[in-house]
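One structure is given here, and the rest of the page talks about it.
From a predicted model like this one, the values you see are computed outputs, not experimental measurements. Sequence lines set the chain letters: A, B, ... in the order given, protein chains first and strands last, and positions in each chain run from 1.
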Amino acid sequence: MSGPGIVPAPLKQLPWKLLLLVVAITGFGLAVLYSAAGGHMKPWAISQGVRFLLFLIVAIALSRLREEFWKQTAFPTYVVVVVLLAVVELIGKVSGGSQRWMELGIVRLQPSEFMKPAIVLALARFYTLLPATELRSMHAIWPAAAMIAVPAGLVLLQPDLGTATMIVVGGITVMFLAGLPLRLFVAGAATLAASLPIAFSMMHDYQRNRVLIFLNPESDPLGTGYHISQSKIAIGSGGLFGKGFLNGTQSHLDYLPEGHTDFVFATMAEEWGLLGGLFLIGAFMLLVNWGVRVGLRAESRFARLAAAGLATTIFFYVAINLMMVMGLAPVVGIPLPLVSFGGSAMMTVMICVGILMSLDRQPRRGRIG
Amino acid sequence: MKLFGKRVITDATQGFVFTRRALVLGAAQGGVGLLLAGRMAWLSVVENERYSLLSESNRVNLTLVPPRRGWIVDRTGKPIAINRTDFRVDLIPERLTDRDKTLAAVQRLLALSDDEMQRIREELDGAAGFQPVQIAENLDWNRYAAVSVRLNDLPGIMPGRGFSRFYPDGAAVGHLVGYVGPASAAEYEKAKDPLLITPGFKVGKEGLEKTLEPALRGKPGAKRVEVTAHGKIVRELTTRPDISGGTVRLTIDAGLQAYAARRLGTASGSVVVIDCANGDILAMASMPAYDPNSFSDGISHDEWDMLSQDDHLPLLNKVLQGLYPPGSTVKPMNALALLEAGVGPQETVLCTGAYRVGSGLFHCHKRGGHGMVDMRRAVAQSCDVYFYHMARRLGYDPIARMARLVGLGERYDLPVASQRYGTVPDSAWKKAKYNRDWTAADTVNASIGQGYMLTNPLQLAVMAARIGSGRMFAPRLLATSAPPAAATLPVPAEHLAIVHDAMDAVVNGGGTGGRARLQVPGVLMAGKTGTAQVRRITLAERRTGVLGDAALPFRLRDHSLFIGFAPADVPRYAVSCILEHSGHIVTAAPIASDVVSYLFDKDKALARLERLEAEWGGTIAQRMAAQARAFRAARHPAAAVPDPAEEDAR
């Protein structure tokens, strides 16, 4: 490294461009929340900002950990989160309703959120341990499948189709990257397509409704299709440059439901137009791309699988949410990370970013050392 | 894939596979990113117009402000139909705090029926946010004030003012102007105008209100407001004031119209007065009538049943829709036709009281006969045999030509909803209609305005005006522009003078119309009486003596008719009056006389009327209220005595 400067070495080592990107996305999100509250910092923008600073510190702290730490804790973390999911499910059963979180005094803990990075790390660890020669045997498949199925099943019981989907696709992504035979995935996709009608028949009424409405939102413009219709109106009416900051009518006049949470992108698009949308989509793609490139340049198998998997977790967050608000996917309740008001998604994504930064330090250190 | 064949997979190949798959994954992610950007561009650029429109229709709520309806005024500008401010109370559902308590208080204060409360509750259940629900309209000041002063205790209640149609003369103008009411579903289906379903908006339903609708309606105002998804109004954007409908001036003289309606009294009949100078209709009253005020407010079941069951037909505008045999009132017209055909006024006919045509015997109204009659005496004494004889000599077709010339059988160009124009029969008509030849009996019947002949009261007035003035005036109802020029009646002036003289004799020369003599010094009325028979008098009845009208049921009694003009020497006003089934108990002549005398001496005519009304049991409104009370009492014997305040209000 270059000689000692005024900036301390740990600070200098931080990936500033990446942090700037994350701050830019969140900052833009804060502006949208400020507008969504009718031009006020309260109740959303201020607490979201404070929360972001907190998670930013957490992410930087995580980035100081070594790859070895993630390797060692991957399985224990996974087990703990699965237990927490089971506990939440039991609490829900006892209190007689569905529950996704547990109250821990000041913090409301939602274990399913932790499962998104945990499954990626656990599977990465699993394939690191698996001898390369076993990759084509059943031993490469069934433990991984079980590791995905247990938490996904528990989350589905809550019921939270969106999160369960993300756990499944996050896990499958790692299996794909690990080098399992391609025909497995082709066959899996075919099976999935064939089993869709069965899955549909097993869904809860509200889930089934969402799928039906997604397929034909105009069939119920004032009922369940209202979300999608109003969201498309907000985005479509924004045009190229939007209606202007604080001038969105769909959000300010309450036509757009969940305008500060799941449908925050529509709130943004109404006021900032296609320009704002391209900025956000571009920024998220850069973030995901950075994550994938961390994996590409990593040297250990664990770091490669984990980095690419975590990047894909962030990607799925963004992609599912945007497809939902633009009417390309059913309403599944996945927020837009860093932008939507709420701590869970932000926490997950910032943990992912923290681990990614941590994994990214390894090869450089290696090069230097 | 070949790469994954049976080969041993080493760590190195694993790294290679990862890199390849990670690149594929990255590319796929980039592809999804592009797809999302493309989708967004599609929504916000290609479909921008559509979604902008949807967003605007979300945001902006357009409420129509119903235009104030144009006035209908008489020839001097006196109001016939105007708008009265009315008090109303609405309810804003979103502001309600305790629904049951508020509704109970409102019911008590406004004295609302349980039916009304049921309606309000139903509308409340279906209402959203700030859309007001009507509690009551047309409130009197006391009830309105009772709610207004308690507003603090009644959250959500909104008192307000609106407009309702008001006809100062009530039933006297009922058939003339018609009434207004909320547009029907069919009307909305046809026009698709959102104004029609705006609360409080009314359209013309009958009479002039209906036919003059385009002129009276005006243009609605609009209030554009920004509303939230919950219906809460954020701010007013723009307000366009309504443009009230135009005022329509009629040729009617409101005072005369009211007088004519009142003067008809308890009879079922009609009076028409036409200005002989220009054809203006000064009055066209048909009685009994409905009160357009109660129709415009929404009529009760009892009132409707009472009107529709009445044998005096208060729902029928007899001036335009009543068809009657004109009877002897056609005799002056007959005389004109005879003169035209060369019959000398001095030629006489011996009246023996009956006239034989083939095997049939036609009687004169005077049993013993009139003896020798010339034209003047035939008209003055209304001798039937003279006209039987002369019409047979001439044939009826030339007389029918004259009948049409003076306006019978004609459909006038008037802004009225419907007009029945009757029949002037002749040989061609009978051939076309019944495919039978005209007979001598037909001629004899038509010569005294019976048989196939049918006219409406307006046609009779037009006939009187044309004979009186010698001009072919078309009747006019709208005083919107200068009256059109009228051609001269193609009849020599000396013929008209002969007929005028005979009609003068009817009233002032010892003729049948003595009771039509005007009570105005220096003004003489010229006219002709008529009696139209509605039943066949059998030979048996003739032998035993024709039954008096008092002995007959209402439906079978004769109609009494009168046509005339005054002053007799320089005709200024023409009048027709028909009393249905009045027999000879009440006759048309004195009514026509009083109505015309109103035009020359208002005070005396009114004084006479007031004396008569005292005999009849009060004014039109008082008599109608009494009738309604009696009807209700007969129908709901147990019901309480109606509120006397209701009568006083009229």
*To the nearest 0.5 angstrom, please state how far the OG atom of A/Ser229 sits from the OH atom of B/Tyr51.*
8.0 Å

*Heavy-atom contact with chain B under 4.5 Å, split by part of A/Arg301*: side chain

*How long is the span from the CG atom in B/Leu36 to the CG atom in A/Leu280, to the nearest 0.5 Å?*
11.5 Å

*B/Val227 and A/Tyr255: which non-hydrogen atoms are nearest, and at how many Å?*
O-OH, 2.8 Å

_Less than 4.5 Å apart, side chain to side chain, heavy atoms only: is that true for B/Val45 and A/Leu240?_
yes

*Going from CD1 on A/Ile233 to OG on B/Ser57, what distance comes out if it is rounded to the nearest 0.5 angstrom?*
7.0 Å

*Which answer fits A/Met285, side chain, backbone, both or neither, if we ask what part of it has an atom under 4.5 Å from a heavy atom of chain B?*
side chain

*Which value, rounded to the nearest 0.5 Å, describes the distance between A/Leu274 atom CG and B/Leu43 atom CG?*
10.0 Å

_Counting only non-hydrogen atoms closer than 4.5 Å, does A/Thr173 touch chain B with its backbone (N, CA, C, O), its side chain (CB onward), both, or neither?_
side chain

*How far apart are the closest heavy atoms of A/Ile235 and B/Ser44, and which atoms are they?*
O-CB, 3.6 Å

_Gap between atom OG of B/Ser55 and atom CD of A/Glu270 - 0.5 Å precision_ = 5.5 Å

_Part of B/Glu56 within contact of chain A (heavy atom distance under 4.5 Å)_ = neither

*For B/Ala22 and A/Leu296, which heavy atoms make the closest approach, and how far apart are they?*
CB-CD2, 3.7 Å

_At a heavy-atom distance under 4.5 Å, which candidate from A/Leu256, A/Ile281, A/Val292 has the highest pair count against chain B?_
A/Ile281

*Donor-acceptor pair, B/Arg39 side chain versus A/Met326 backbone, under 3.5 Å?*
yes

*If you count heavy-atom pairs under 4.5 Å with chain B, which of A/Phe315, A/Phe284, A/Phe316 comes out on top?*
A/Phe315

*Give a yes or no on this: more than 12 heavy atoms of other residues, nucleotides or ligands lie within 6.0 Å of atom NZ of A/Lys71.*
yes

*Keeping the roles fixed (side chain from B/Arg21, backbone from A/Phe176), state whether a donor-acceptor pair exists under 3.5 Å.*
yes

_Contact winner vs chain B - A/Leu278, A/Leu328, A/Val288, heavy-atom pairs under 4.5 Å_ = A/Leu328

*Between A/Gly295 and B/Phe18, which heavy-atom pair has the shortest distance, and what is it?*
O-CE2, 3.6 Å

*Rounded to the nearest 0.5 Å, what separation is found between the CG atom of B/Leu54 and the NZ atom of A/Lys232?*
10.5 Å

_Heavy-atom side-chain proximity of B/Asn58 to A/Leu253 below 4.5 angstrom_ = no

*Locate the shortest heavy-atom distance separating A/Ala269 from B/Met40; write the atom from each residue and the value.*
CB-CE, 3.5 Å

